[in-house]
Amino acid sequence: MGNITPECIEKDLRYLQLLSRSFPTIADASTEIINLEAILNLPKGTEHFLTDIHGEYEAFQHVLKNGSGAVKRKVNEIFGNTLRENEKKELCTLIYYPEEKLQLVKAKETELDDWYLITLNQLVKVCQNVSSKYTRSKVRKALPHEFSYIIQELLHESSVDPNKHAYINVIISTIISTKRADAFIVAMCNLIQRLTIDSLHIVGDIYDRGPGAHIIMDTLCDYHNFDIQWGNHDILWMGAASGNDACMANVIRLSMRYGNLATLEDGYGINLLPLATFAMETYADDPCAAFAPKTNYADANYSEKTLRLISQMHKAITIIQFKLEAAIIDRRPDFDMANRKLLHQIDWQRGVLVCEGKEYPLRDTNFPTVDPADPYRLSDEEQEIVDKIHASFVNSEKLKKHMRCLFTYGGMYLVCNSNLLYHASVPLDADGGFKHVRIAGKEYWGKHLLEKTDQLIRAAYFDEDDVEKRRFAQDYVWYMWCGPDAPSFDKDKMATFERYFLTDKEAQKETKGYYYALRNEAEVCDRILQEFGVTPGPHAHIINGHVPVKTLKGEKPIKAGGKLLVIDGGFSKAYQPETGIAGYTLVYHSHGLQLVQHEPFQSRQKAIEEGQDIKSTTFLVEFNSQRMMVKDTDKGVELRAQIKDLEKLLVAYRTGFIKERQ
């Protein structure tokens, strides 16, 4: 504090007077400095990175519960050979699913009080271990109110001390005798789960394909510490919630494509009945073969009749989507996407698409709602369906809640502890320079491009003052889904029409932007890190999702000598035949950085009944010879700044600039 001069105090006097309200005495300020200095010397909390979850809520929730295998590792460390493998597996399952596991135990356990006694002691040991890197204050804030005092006593007293041994045993025995053991076990297990992961990073694509994006969002909205870097599928839903009809049509089309109606109907109450009625009548005699839902997602309980109806609805919404997208392309010529309007290039008599001097036979020529003279005009019935769907989306209270969560905790990118997180890309030119992208007459690139698109996505949802600006922003959100220069997409086209209607594989090809090849080069990664204010070094990384890592073909998730990590390994079942695995998670704790490769998750039921955990393989990406402490993190920088301010306050008290308040 010797370098704090009276001039410094005078300069910051107004702020210090405000700070004195929270710390009104020298003793208060000194105590807080001592507390913050102590926190700086605790091990850093565990960060957990997931991406491309795509509605796979059971696997997502299980990975959160087991901390990507961290809970199992803790149990093995603590109990080693003192417990059999089956006993350790049973304990892990209890920690993951306490309510369900308790029911199974009580149905078969004959000496329940003994089981409670043993189990409670085991849980206390695990909880003591996972809480050891946090302050008592932080642990206390995480405790359930009902058992807060009891858990604190158990966590901070050692049963090895003979003076405390009887004390602890009486606490546990009384929990059992008062019939509170079940509730206490549930509280302890939930606390272990919470303390295993200090912060959660979702690097995009919560939505689409799988059946439970709304369940994932429910979990996240109640999670203790998380952030989201928006993926193109999330942005598509944000566009739909903002009122963009083309985004709504895409959302519904994808739900039909993967036989997933749960998120739309059960999750958000979107009324699909008008679309179903229209599709049944319009495509009554159409086999809709190209629109059959993907079998690995279609619910096994769907009857043949229901699957046929989904196929008809799928085709109906796809044609509506093409028309709605054409309207955006026409009113936004600066998007330069006229090549994605294809309906007017169909030779209706011969059943071929004539595009760029080539002819492609159509695999489906039944277009009853398309007028060859005006192919992009919605029929009266289609317009009525669009209006009803629009009302359903913008009036869904659950969707509004989840969107608020996405906006509050999300963004296009995040810099955290020398890691740069974004879902897809930072568009690049062929030489590795940042691509200049024109938006509303002005050019943006690199960091400023991601910040501008972030601002537009928010304006599309929130801006109520300028109608024209909001309309442009809503259209640009659709561009973020499929536009060639969109950092959340970055491909030359989204070949939706070609995949449905053409058999030519070359026509279906989507060419990735230069970023996806150049990110393998360390020099390019360093340039991107510097652009976002991250100093390149051994502990600086770019973390991506978006493009599945094809492990089956020998592709590696670690690129550019460890500077970039792609952690989309196939959470989505649709990708698993390509990737050969069921996802990656990244774990960054005080000892280093670990990449965890997961096998497919069987089911929640099997995890509970048979103790089937996700089989995971851990790869060491980076090891710290010295344990990383809070002082080495971004949080440490914040705490040091707070300490500096408190030291100024102490000087202000002691030199009479500010008076203590008793």
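Throughout, numbering of the chain's residues begins at 1 and tracks the sequence.
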Quiz item: Is there a donor-acceptor contact under 3.5 Å from the side chain of Thr263 to the main chain of Pro211?
Solution: yes
Quiz item: Do Leu586 and Val596 have side chains that get closer than 4.5 Å, going by heavy atoms?
Solution: no
Self-check item: Residue pair Thr219 / Leu64: nearest heavy atoms and the distance that separates them
Solution: CG2-CD1, 4.0 Å
Practice problem: First locate atom SG of Cys221, then atom NE2 of His402, and finally report the distance between them rounded to the nearest 0.5 Å. | Solution: 4.5 Å
Self-check item: Side-chain (Asp52) to main-chain (Asp205) donor-acceptor, under 3.5 angstrom
Solution: no
Quiz item: Just wondering, do Pro293 and Leu307 contact through their side chains at under 4.5 Å, heavy atoms?
Solution: yes
Quiz item: Is it the case that more than 12 heavy atoms not belonging to Asp380 sit under 6.0 Å from its CG atom?
Solution: no
Quiz item: Shortest non-hydrogen contact from Leu456 to Ala473?
Solution: O-CB, 3.4 Å
Quiz prompt | Cationic N near anionic O, under 4.0 Å, Asp364 to Lys315 | solution = yes
Quiz item: If you look at every heavy atom in Asn244 and Cys247, which pair is closest and at what distance?
Solution: OD1-N, 2.9 Å
Quiz item: Do Phe367 and Phe322 pass the ring pair (Phe, Tyr, Trp, His ring centres under 6.0 Å) test, and can you show the C-alpha distance, the side-chain angles, and the key distance before you say yes or no?
Solution: CA-CA 12 Å; Phe367 293 86; Phe322 294 149; 8.6 Å; no
Quiz item: Name the one of Lys452, Arg438, Lys435 that satisfies salt bridge (Lys or Arg N to Asp or Glu O under 4.0 Å) with Glu443?
Solution: Arg438
Self-check item: Closest heavy-atom pair and its distance - Gly269, Ser392
Solution: O-OG, 3.9 Å
Quiz item: Partners of Ala495 by side-chain contact (heavy atoms from CB on, under 4.5 Å), sequence neighbours excluded?
Solution: Lys493, Glu498, Arg499, Glu510
Practice problem: Would you please indicate yes or no on a ring centroid separation below 6.0 angstrom for Tyr376 and His344? | Solution: yes
Quiz prompt | Any donor-acceptor pair under 3.5 Å from Asp234 side chain to Ile206 backbone | solution = yes
Quiz item: Roughly how far apart are Leu421 CG and Ile228 CD1, rounded to 0.5 Å?
Solution: 12.5 Å
Quiz item: Between Trp237 and Tyr268, does the ring centroid distance fall short of 6.0 Å?
Solution: yes
Quiz item: Any luck finding a side-chain donor-acceptor pair between Asn544 and His423 under 3.5 Å?
Solution: no
Quiz item: Within the side chain of Gln61, is there an N or O that forms a donor-acceptor pair under 3.5 Å with the backbone of Ile216?
Solution: no
Quiz item: Is the Tyr207-His233 ring centre distance short of 6.0 angstrom?
Solution: no
Exercise. Look at atom NZ of Lys509 and say whether more than 12 heavy atoms of other residues, nucleotides or ligands are closer to it than 6.0 Å.
Key: no
Practice problem: Might you point out which heavy atoms bring Ala440 and Asp334 nearest each other, and give the distance in Å? | Solution: N-OD2, 4.3 Å
Quiz item: For the side chain of Asp490 and the backbone of Ser425, is there at least one donor-acceptor N/O pair under 3.5 Å apart?
Solution: no
Self-check item: Heavy-atom donor-acceptor pair, Asp454 side chain to Leu450 backbone, under 3.5 Å
Solution: no
Quiz prompt | side-chain contact (heavy atoms from CB on, under 4.5 Å) against Thr369, all qualifying residues, sequence neighbours excluded | solution = Phe278, Thr282, Tyr283, Ile319, Lys323, Glu382
Self-check item: Tyr97/His62 aromatic ring centres below 6.0 Å
Solution: yes
Quiz item: If you draw a 6.0 Å radius around NE2 in His448, do more than 12 non-hydrogen atoms from other residues or ligands fall strictly inside?
Solution: no
Exercise. Can you establish whether the number of heavy atoms outside Gln349 located under 6.0 Å from its atom CD is more than 12?
Key: no
Quiz item: Per the side chain to side chain contact (heavy atoms under 4.5 Å, CB included) rule, which among Ile252, Asp245, Asn250, Val251 passes with Gln321?
Solution: Asn250
Exercise. Applying side chain to side chain contact (heavy atoms under 4.5 Å, CB included), run through Leu324 and Val386 and close with a yes or a no.
Key: CA-CA 9 Å; Leu324 293 169; Val386 169; 4.2 Å; yes
Quiz prompt | Smallest separation among heavy atoms of Ile457 and Met412, with atom names | solution = CD1-SD, 4.0 Å
Exercise. Look at the side chain of Asp330 and the backbone N and O of Arg332, then say whether any donor-acceptor pair between them is shorter than 3.5 Å.
Key: no
Quiz prompt | Residue list, side chain to side chain donor-acceptor pair (under 3.5 Å) with Gln345, at least two apart or on another chain | solution = none
Quiz item: Is the centre of the Tyr360 ring less than 6.0 Å from the centre of the Phe497 ring?
Solution: no
Quiz item: Ring centroid separation for Trp230 and Tyr422, is it under 6.0 angstrom?
Solution: no
Quiz item: What distance do Thr365 atom OG1 and Asp347 atom CG have between them, rounded to the nearest 0.5 Å?
Solution: 11.5 Å
Exercise. Identify whether NZ of Lys or CZ of Arg in Arg253 sits under 6.0 Å from the centre of the six-membered ring of Tyr258 and within 45° of that ring's axis.
Key: no
Quiz prompt | Reported CD1-to-OG1 distance for the pair Ile385 and Thr277, which is rounded to 0.5 angstrom | solution = 8.5 Å
Practice problem: Run the numbers on Phe335 and Trp478 for side chain to side chain contact (heavy atoms under 4.5 Å, CB included), then give the verdict. | Solution: CA-CA 11 Å; Phe335 287 2; Trp478 170 79; 4.2 Å; yes
Quiz item: Would the Tyr479 and Phe489 ring centres measure less than 6.0 Å apart?
Solution: no
Quiz item: Are Glu325 and Lys341 close enough for a salt bridge, meaning some N to O gap below 4.0 Å?
Solution: no
Quiz item: Side chains of Ser488 and Asn232: donor-acceptor distance under 3.5 Å anywhere?
Solution: no
Exercise. Please report the C-alpha distance between Lys401 and Glu397 in whole Å, then the side-chain angles of each, then the deciding distance to 0.1 Å, and finally whether the side chain to side chain contact (heavy atoms under 4.5 Å, CB included) criterion is met.
Key: CA-CA 6 Å; Lys401 177 189 173 184; Glu397 289 302 319; over 6 Å; no
Practice problem: Using a strict 4.0 Å threshold on nitrogen-to-oxygen distance, state whether Lys388 and Glu384 make a salt bridge. | Solution: yes
Quiz prompt | Distance-only side-chain donor-acceptor flag, Gln383 / Asp387, under 3.5 Å | solution = yes
Quiz prompt | Gap between atom CG of Leu565 and atom CZ of Phe49 - 0.5 Å precision | solution = 9.0 Å
Self-check item: Pair Tyr444 and His436, ring centroids less than 6.0 Å apart
Solution: no
Quiz prompt | Straight-line distance of Ile317 CD1 to Arg257 CZ, nearest 0.5 Å | solution = 15.0 Å
Quiz item: Do Glu451 and Tyr413 have a side chain donor and acceptor closer than 3.5 Å?
Solution: yes
Quiz prompt | Atom CZ of Arg458: over 12 foreign heavy atoms under 6.0 Å | solution = yes
Exercise. Return yes if some donor-acceptor pair links the side-chain N/O of Thr306 with the main-chain N/O of Tyr302 below 3.5 Å, else return no.
Key: no
Exercise. Output yes when Arg470 and Asp466 qualify as a salt bridge under the 4.0 Å nitrogen-oxygen rule, no when they do not.
Key: no
Quiz item: Does the side chain of Asp266 pick up a donor-acceptor pair with the side chain of His214 at under 3.5 Å?
Solution: no
Quiz item: Can we say Arg331 and Asp475 salt-bridge, meaning some charged N sits less than 4.0 Å from an Asp/Glu carboxylate O?
Solution: yes
